Peer 1: 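Sharing a structure, written as C-alpha cells. Questions coming.
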Amino acid sequence: MKSKTIASLSFALVSCMLGGCANKTEQATVIVVDSGGASENNSTSAVVSSEKVSSSQAVSIVVPKSSSSTTTKAPVSVFIPQSDHSKLNSDTSSSSESTFSTGGSSENSFVLPSTPPQSSSTLSSSSISFSSSSSSSKNEQPSVPVIPDDPIGTNSYQTLNYSEVKGVWISYIELAGLSSGSESEFRNSLGNVYDNCVSLGINTVFVHVRSHGDAYYNSDYFPRTKYIGGSYDPLPVMIDEAHKRGLSFQAWINPMRGCSVSDISRENGYPMYSWADGETRLVELNNYYYLNPAYDEVIDLISKGAEEIVANYDVDGLHIDDYFYPTTEKWFDSAAFAESSYSKLSDFRFANCDKLVSSLYSAVKRANNTAIFGVSPQGNYNNNYAYMYADVEKWCTESGYLDYIMPQIYFGFKNAAQPYSDVVKQWDNIAAKGKVPLIVGLSPSKIGTEDGWGGTYGKREWIDDKEILKRQFLEAAEQVSYGGICLYSYNSMFNADIDVKAQVDAEVAALKAAMN
C-alpha cells in the first residue's frame, strides 16, 4: 500500500476531553491510504477503493513528524461503514476571531479490514505490589499499594478515527441496563446498541470504561465495575463489536470521580482504598469520593490507568468529560494548597488540572501514538474557569494537552444566557486559535422538556420548536474548525420516555436525514 500526504498542519497535542490534534508547534502529516496492494482475503486488511470519500468517512490519524521518521510509510487501517454530564449556566463573553484551514482532498481511498483487528500489544508486567498483606477491615491499617514506575507497554494497533465525527456517548447508565451475565449476552445486547447507532449514521462511540474509580476491563489499578455482570473481560467485546461495524471506539473515563462511600470496600487491594481514611489524596464529598489532583501519586494513578487501557486494548482513543474539581470550597484541598508555593488557590487548581490533562495525553501517546485524546468540557465557557478550574483555551492553544475539543453545547437557539449560535461560534474561535478540531456536543435528552435555564423566551423551545438538532448540526458544520458532533446520550434517542418519544423520533429522523 502506498500513502499520500494531503496536508501539513500545525496541531496542538493537548490533553482535554475531546478536542485537539498534534503538537501545535510541530508540523503534522495527514496520511491517506490509497487503494491497491491487498486482496479481500488479506489477513490484515483488504483495500477498497472509493472515487469520492466525504469528510465523514475514514481518515488516518494525524501524527507529528517528530514521533516517527517513517510516518508516511506506515499503512493505516481504517474502517468505513452519556447520562451524567453536569450542567451549569451563566453569561459568557465571546472570544476574538481566528482563521483555521485544513486543506485536504475529496478524492480518497480507504482501507477496510477483512477481519476485526486483533490486539498487537507488547506488554510488560505492571502488577501492583504491596508493602504488607491486604487488610480485610477498614478498622485495620490498610496496605499501601506501590504504583510501578516501569512502562506498561506499547500497542502497535493502527487506530480508526474519522475526519468528521458523528458520535454518541454510551454511559455506564446504558451499560448497566444491558444483559451482561455472560459474555455472549453482553455481546448480543451491546451489538443491538451499536446497530442502532449505525442506523442513525453514527461512526464513533464514546463508551464508559471507568466511571467511578472502577474498570470495565482487566485492570491492575482499579477494581472491576459493578455495572457489568459476569467474570469475563467486557472491553474486548465492546471494541470488537464496534470495529465489526466500522465504529471508532473511544474509551471514556472520569479520571477524578471515585466510588460512592458505601462502595469503598470494592477498592480493597487497590490504591484508592488506602487513601480513604482521612487521606487528603481521596476526598469525600456528597457521599462520593474524589481523587485530589494536587498529588503526584494521584496523577500517576490516573495516568497509569489510562495507559494500561491504550496499551492493552485496541481502543482508538481516550476521552474525558467535564468532571474536574467537584467543588469550589477551599477545604477540598486546603492541606495540599498550604504546602504548595502558590499564593492563589485558583492558580493552584488550574495548574493541577493542567498536569492531569497533560499526563493523560502523554500516557495515551506512550501507549499508542496513533490513538487520540480529547476533552469534553462544559459548553458554558466561563463555568470551566469559575467552577471546574479547567483552562480549556490553554489546552486548545498549547501543545501537549489534547487532539480535539468537544464542548457540551446543550443550549437551544433561544437560550437567554447561552444562545447556541453565539456559543458554538465562541468555541470555534478558540479551536481555531490552536488549529484543533471542534466536535460539538449536542443534547437530544432535552427534546420535549422545559429548559429551566432557557429564560422566558427559551423556556419552551425544546417543547414547541422543531428540528432543533438538525439546525444545530448544520450550523456546527459551517464552523471553520468543525470536526463533527456527538450526541448525549444513547438512551435519550433510542429509549426515550413514552411522553416525548414521538417528538424525539421526529427530531432524530430529521437529524439523520441531514447527517447522511
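The figures here come from the full heavy-atom set of this structure, side chains too, leaving out hydrogens, waters and symmetry mates. No experiment lies behind these values; they were computed from the predicted model shown.
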Peer 1: Please determine whether a side-chain nitrogen of the Lys or Arg among Asp240 and Lys244 lies less than 4.0 Å from a carboxylate oxygen of the Asp or Glu.
Peer 2: yes
Peer 1: Would you please name every residue forming a ring-ring contact (aromatic ring centres under 6.0 Å, His included) with Phe494, sequence neighbours left out?
Peer 2: Tyr490
Peer 1: Just jot down the ring-ring contact (aromatic ring centres under 6.0 Å, His included) partners of Phe473, sequence neighbours excluded, or say none.
Peer 2: none
Peer 1: Please determine if Glu308 and Lys304 form a salt bridge, counting it only when a charged side-chain N lies under 4.0 Å from a carboxylate O.
Peer 2: no
Peer 1: To the nearest 0.5 Å, what is the distance between OG (Ser481) and CG (Asn429)?
Peer 2: 8.0 Å
Peer 1: Could you report the tightest heavy-atom contact between Val315 and Ala251, atom names first, then the distance?
Peer 2: CG1-CB, 4.1 Å
Peer 1: Looking at Ser248, is its backbone amide N or carbonyl O close enough to the side chain of Thr204 to form a donor-acceptor pair, meaning the two atoms are under 3.5 Å apart?
Peer 2: no
Peer 1: Applying salt bridge (charged side-chain N to carboxylate O under 4.0 Å, His left out), name anything that partners Asp464, two or more places apart in sequence or on another chain.
Peer 2: Arg460
Peer 1: For His212, run the ring pair (Phe, Tyr, Trp, His ring centres under 6.0 Å) check against Phe222, Tyr323, Tyr290, Tyr227 and tell me which one passes.
Peer 2: Tyr227
Peer 1: Strictly by salt bridge (charged side-chain N to carboxylate O under 4.0 Å, His left out), give each pair with a member in residues 189-205 just once, sequence neighbours left out.
Peer 2: Asp195-Arg245
Peer 1: Going by distance alone, is a donor N or O of one side chain under 3.5 Å from an acceptor N or O of the other, for Ser171 and Ser489?
Peer 2: no
Peer 1: Ignoring hydrogens and angles, tell me if any N or O in the side chain of Asn155 forms a donor-acceptor pair with the backbone of Val310 under 3.5 Å.
Peer 2: yes
Peer 1: Measure across Ala476 and Ile485 and return the closest heavy-atom pair with its distance rounded to 0.1 Å.
Peer 2: CB-CG2, 4.3 Å
Peer 1: State whether the side chain of Asp214 and the backbone N or O of Ser211 hold a donor-acceptor pair below 3.5 Å, judged by distance alone.
Peer 2: yes
Peer 1: Quick one: ring-ring contact (aromatic ring centres under 6.0 Å, His included) partners of Tyr420, sequence neighbours excluded?
Peer 2: Phe413
Peer 1: Looking only at heavy atoms, what is the nearest atom pair of Ile463 and Glu450, with distance?
Peer 2: CD1-N, 3.8 Å
Peer 1: Met238 pairs by side chain to side chain contact (heavy atoms under 4.5 Å, CB included) with which of Ile228, Asp233, Ile170?
Peer 2: Ile228
Peer 1: State plainly whether the residues Lys394 and Asp354 are in salt-bridge range, i.e. N to O under 4.0 Å.
Peer 2: yes
Peer 1: I would like to know whether Val508 and Val504 meet side chain to side chain contact (heavy atoms under 4.5 Å, CB included); could you show each step before the answer?
Peer 2: CA-CA 6 Å; Val508 171; Val504 168; 4.0 Å; yes
Peer 1: On the 0 to 90° scale, with breaks at 30° and 60°, tag the Tyr232-Phe186 ring pair as parallel, tilted or perpendicular.
Peer 2: tilted
Peer 1: Does a side-chain N-to-carboxylate-O contact under 4.0 Å join Lys501 and Asp505?
Peer 2: yes
Peer 1: Would you call Glu393 and Lys433 a salt bridge, taking side-chain N to carboxylate O under 4.0 Å as the test?
Peer 2: yes
Peer 1: For the side chain of Asn203 and the backbone of Glu164, is there at least one donor-acceptor N/O pair under 3.5 Å apart?
Peer 2: yes
Peer 1: So, Asp316 side chain and Phe249 main chain: donor-acceptor pair closer than 3.5 Å or not?
Peer 2: yes
Peer 1: Answer yes or no on whether Arg257 is positioned over the face of Tyr325, meaning its NZ or CZ is under 6.0 Å from the six-membered ring centre and within 45° of the axis.
Peer 2: no
Peer 1: Applying side chain to side chain donor-acceptor pair (under 3.5 Å) between Arg210 and each of Tyr217, Tyr216, Tyr221, report the one that passes.
Peer 2: Tyr217
Peer 1: Working to the nearest 0.5 Å, report the span between CG of Asn312 and CG of Leu235.
Peer 2: 9.5 Å
Peer 1: Check Val436 against Cys396 and note the closest heavy-atom contact, atom names and distance.
Peer 2: CG1-O, 3.6 Å
Peer 1: Tell me whether Ser303 contacts the main-chain N or O of Ile299 through its side chain, where contact means a donor paired with an acceptor under 3.5 Å.
Peer 2: yes
Peer 1: Any chance you could lay out the side chain to side chain contact (heavy atoms under 4.5 Å, CB included) test for Ile309 and Ile253, step after step, and finish with the verdict?
Peer 2: CA-CA 10 Å; Ile309 295 170; Ile253 68 170; 4.0 Å; yes
Peer 1: Is it true that Lys425 and Asp428 make a salt bridge, defined as a side-chain N closer than 4.0 Å to a carboxylate O?
Peer 2: yes
Peer 1: Look at the side chain of Lys446 and the backbone N and O of Tyr410, then say whether any donor-acceptor pair between them is shorter than 3.5 Å.
Peer 2: yes
Peer 1: Calculate, to the nearest 0.5 Å, the distance between atoms CG and OG belonging to Leu487 and Ser443 respectively.
Peer 2: 9.0 Å
Peer 1: With a 4.0 Å cut-off on N to O distance, would you call Lys470 and Glu507 a salt bridge?
Peer 2: no
Peer 1: Could you grab the distance from atom CG of Leu318 to atom CD1 of Ile372, nearest 0.5 Å is fine?
Peer 2: 10.0 Å
Peer 1: Test your reading of the model: is there a side-chain donor-acceptor pair from Trp427 to the backbone of Gly379, 3.5 Å cut-off?
Peer 2: yes
Peer 1: Distance from Gln250 atom CD to Leu160 atom CG, nearest 0.5 Å?
Peer 2: 8.5 Å
Peer 1: Do the ring centers of Tyr157 and His243 come within less than 6.0 Å of each other?
Peer 2: yes
Peer 1: Any sub-3.5 Å donor-acceptor pair from Lys166's side-chain atoms to Met515's backbone N or O?
Peer 2: yes
Peer 1: Angle between ring planes, Trp169 versus Phe206, binned at 30° and 60°: parallel, tilted or perpendicular?
Peer 2: tilted
Peer 1: In sequence, state the C-alpha distance, the side-chain angles, and the governing distance for Val440 and Gln472, and then conclude on side chain to side chain contact (heavy atoms under 4.5 Å, CB included).
Peer 2: CA-CA 9 Å; Val440 177; Gln472 289 185 331; over 6 Å; no
Peer 1: Under 3.5 Å, is there a donor-acceptor pair between the side chain of Asp422 and the main chain of Gln418?
Peer 2: no
Peer 1: Only counting residues at least two apart or in another chain, list the ones meeting side chain to side chain donor-acceptor pair (under 3.5 Å) with Ser189.
Peer 2: none
Peer 1: Evaluate the side-chain proximity of Trp252 to Val207: yes if any heavy-atom separation is below 4.5 Å, no if none is.
Peer 2: no
Peer 1: Roughly how far, to the nearest 0.5 Å, is the CD1 atom of Ile447 from the CG atom of Leu442?
Peer 2: 10.0 Å
Peer 1: Side chain to side chain contact (heavy atoms under 4.5 Å, CB included) for Trp395 and Ile430? Distances and angles first, verdict last.
Peer 2: CA-CA 10 Å; Trp395 301 343; Ile430 295 167; over 6 Å; no
